[in-house]
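Worksheet for the structure shown next.
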Amino acid sequence: MGHGADVIAELTADHREVEDLFQQIERIAPADSERKHLVDQLTTELVRHAVAEEQHLYPAVREHVPDGDALADKEITDHKRVESLLKDLEARDADDPDFAHLLVKLRTEVTAHVQDEEGNLFVKLRASCHPYVLELLGEKIRTAKKTAPTRPHPGSPSTPPANKLLAPGIGLVDRVRDFFTGRGK
């Protein structure tokens with residue numbers, strides 16, 4: 001499984017990458033600055049993934065899946081909690097006493113979200129959509145991740161059309177900021 005497939009394979013591959021980053025972080029001593037570097041990388045991956053889902057996956061769920069509005073709303077609420085935790089972590093160094101606690105909360109939230117998506121939402125989406133639609137969604141997700149923000153922006157819109165209009169600009173600002181601060185290197 002890997003990137004370049006339908007939306008479910010694409011997002012599942014992202015989930016495995018995030019799980020791997022959590023495992024890498026846990027292998028590093030709590031106050032080590034490398035931990036902060038990996039959390040920054042994790043943040044980038046989670047934010048890009050969430051923005052792409054909000055732009056393309058959840059509108060498709062609303063359109064194609066029975067009770068899709070409720071499913072999409074729940075997932076967006078999950079994203080808001082994760083984004084809030086990411087924002088809190090962004091402001092802290094690895095030796096901050098709350099860093100480890102926030103990281104545990106983040107992993108708990110992300111794990112529950114991933115399990116729900118893979119065990120519930122993806123199953124319903126696959127049953128409701130033609131494979132061609134899933135492949136098109138996969139391509140849209142990959143494209144959206146290229147221009148998505150790399151930092152949490154809890155106040156940003158999470159539904160179309162506003163998120164599709166604003167995210168690329170916010171993403172550009174984030175990437176410029178990352179370049180000048182050395183974040184992600």
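Numbering of residues begins at 1 and proceeds along the displayed sequence. The structure displayed is predicted, hence computed values, not measured ones.
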### Query
How many angstroms lie between atom CG of L102 and atom NZ of K87, to the nearest 0.5 angstrom?
14.0 Å
### Query
If only atom types and distance count, is the side chain of D67 paired as donor or acceptor with the main-chain N or O of A70 below 3.5 Å?
no
### Query
Does Q23 reach the side chain of D20, with side-chain heavy atoms less than 4.5 Å apart?
yes
### Query
If you measure from the Lys or Arg side-chain nitrogens to the Asp or Glu carboxylate oxygens, is any gap between R92 and D88 under 4.0 Å?
no
### Query
Is there side-chain contact between T43 and L89, with heavy atoms separated by less than 4.5 Å?
no
### Message
Distance check, rounded to the nearest 0.5 Å: E17 atom CD versus T12 atom OG1?
### Response
11.5 Å
### Query
To the nearest 0.5 Å, how far apart are OG in S33 and CG in D95?
9.0 Å
### Task
Check the hydrophobic clustering (I, L, V, M, F, W, Y; side-chain heavy atoms under 4.5 Å; chains of links allowed) and say if L134 and L71 are grouped together.
yes
### Query
If you look only at pairs with a residue in residues 103-112, which of them pass as a side chain to side chain donor-acceptor pair (under 3.5 Å), with sequence neighbours excluded?
E26-R107, R81-E109
### Message
Is any side-chain heavy atom of V114 closer than 4.5 Å to one of R16?
### Response
yes
#### Entry: Heavy-atom donor-acceptor pair, H153 side chain to G155 backbone, under 3.5 Å
no
### Task
Decide yes or no for L42 and L106: does some side-chain heavy atom of the first lie under 4.5 Å from some side-chain heavy atom of the second?
yes
### Message
Taking R151's backbone N and O only, do any of them form a donor-acceptor pair with D174's side chain (distance below 3.5 Å, no angle check)?
### Response
yes
### Task
If a pair satisfies side chain to side chain donor-acceptor pair (under 3.5 Å) and one of its residues is in residues 46-66, list it, with sequence neighbours excluded.
D14-H49, H15-H49, E45-R48, H49-E53, E53-Y58, E53-H79, E54-H79, Y58-H79, Y58-E117, R62-D69, R62-D73
### Query
Just by modelled atom types, is the A100 backbone N or O under 3.5 Å from a matching donor or acceptor in the R35 side chain?
no
## Note on the structure
R175 and A148 have their tightest heavy-atom pair at NH1-O, 3.0 Å
### Query
With respect to S156, which candidate in V51, I170, L166 satisfies the side-chain contact (heavy atoms from CB on, under 4.5 Å) definition?
I170
### Query
Do L46 and I76 share a hydrophobic cluster, counting only Ile, Leu, Val, Met, Phe, Trp and Tyr and linking them when any side-chain heavy atoms are less than 4.5 Å apart?
no
### Task
Of all the heavy-atom pairs spanning S128 and P66, show the shortest one and how long it is.
OG-CD, 3.7 Å
### Within-4.5 Å side-chain heavy-atom neighbours: L121 and K74
no
### Message
Please report the interatomic distance CD(E34) to CD(Q24), rounded to the nearest 0.5 Å.
### Response
8.5 Å
### Message
Could you check whether any side-chain heavy atom of V47 comes within less than 4.5 Å of a side-chain heavy atom of K145, counting everything from C-beta outward?
### Response
no
### Query
So how far is it from D96 CG to H101 NE2, rounded to the nearest 0.5 Å?
11.5 Å
### Message
Count I, L, V, M, F, W, Y as connected when their side-chain heavy atoms are under 4.5 Å apart, and connections chain through other members. Are L11 and V110 then in the same cluster?
### Response
no
#### Entry: Side-chain donor or acceptor of R183 paired with backbone N/O of F179 under 3.5 Å
no
### Query
Below 4.5 Å, heavy atoms only, C-beta onward: do V7 and L57 meet side chain to side chain?
yes
### Side-chain (R126) to main-chain (P131) donor-acceptor, under 3.5 angstrom
no
#### Entry: Residue pair A52 / I141: nearest heavy atoms and the distance that separates them
O-CD1, 3.2 Å
### Message
Tell me every residue that passes side-chain contact (heavy atoms from CB on, under 4.5 Å) with F180, counting only those two or more places apart in sequence or in another chain.
### Response
V176
### Task
Apply the test side-chain contact (heavy atoms from CB on, under 4.5 Å) to residues L21 and L38: give CA-CA distance (whole Å), side-chain angles for both, the deciding distance (0.1 Å), then the verdict.
CA-CA 7 Å; L21 282 167; L38 285 172; 4.2 Å; yes
### Query
Heavy atoms, side chains only, cut-off 4.5 Å: are F99 and D93 in contact?
no
### Closest approach of F122 to I8 (non-hydrogen atoms, all atoms of both residues)
O-CD1, 3.5 Å
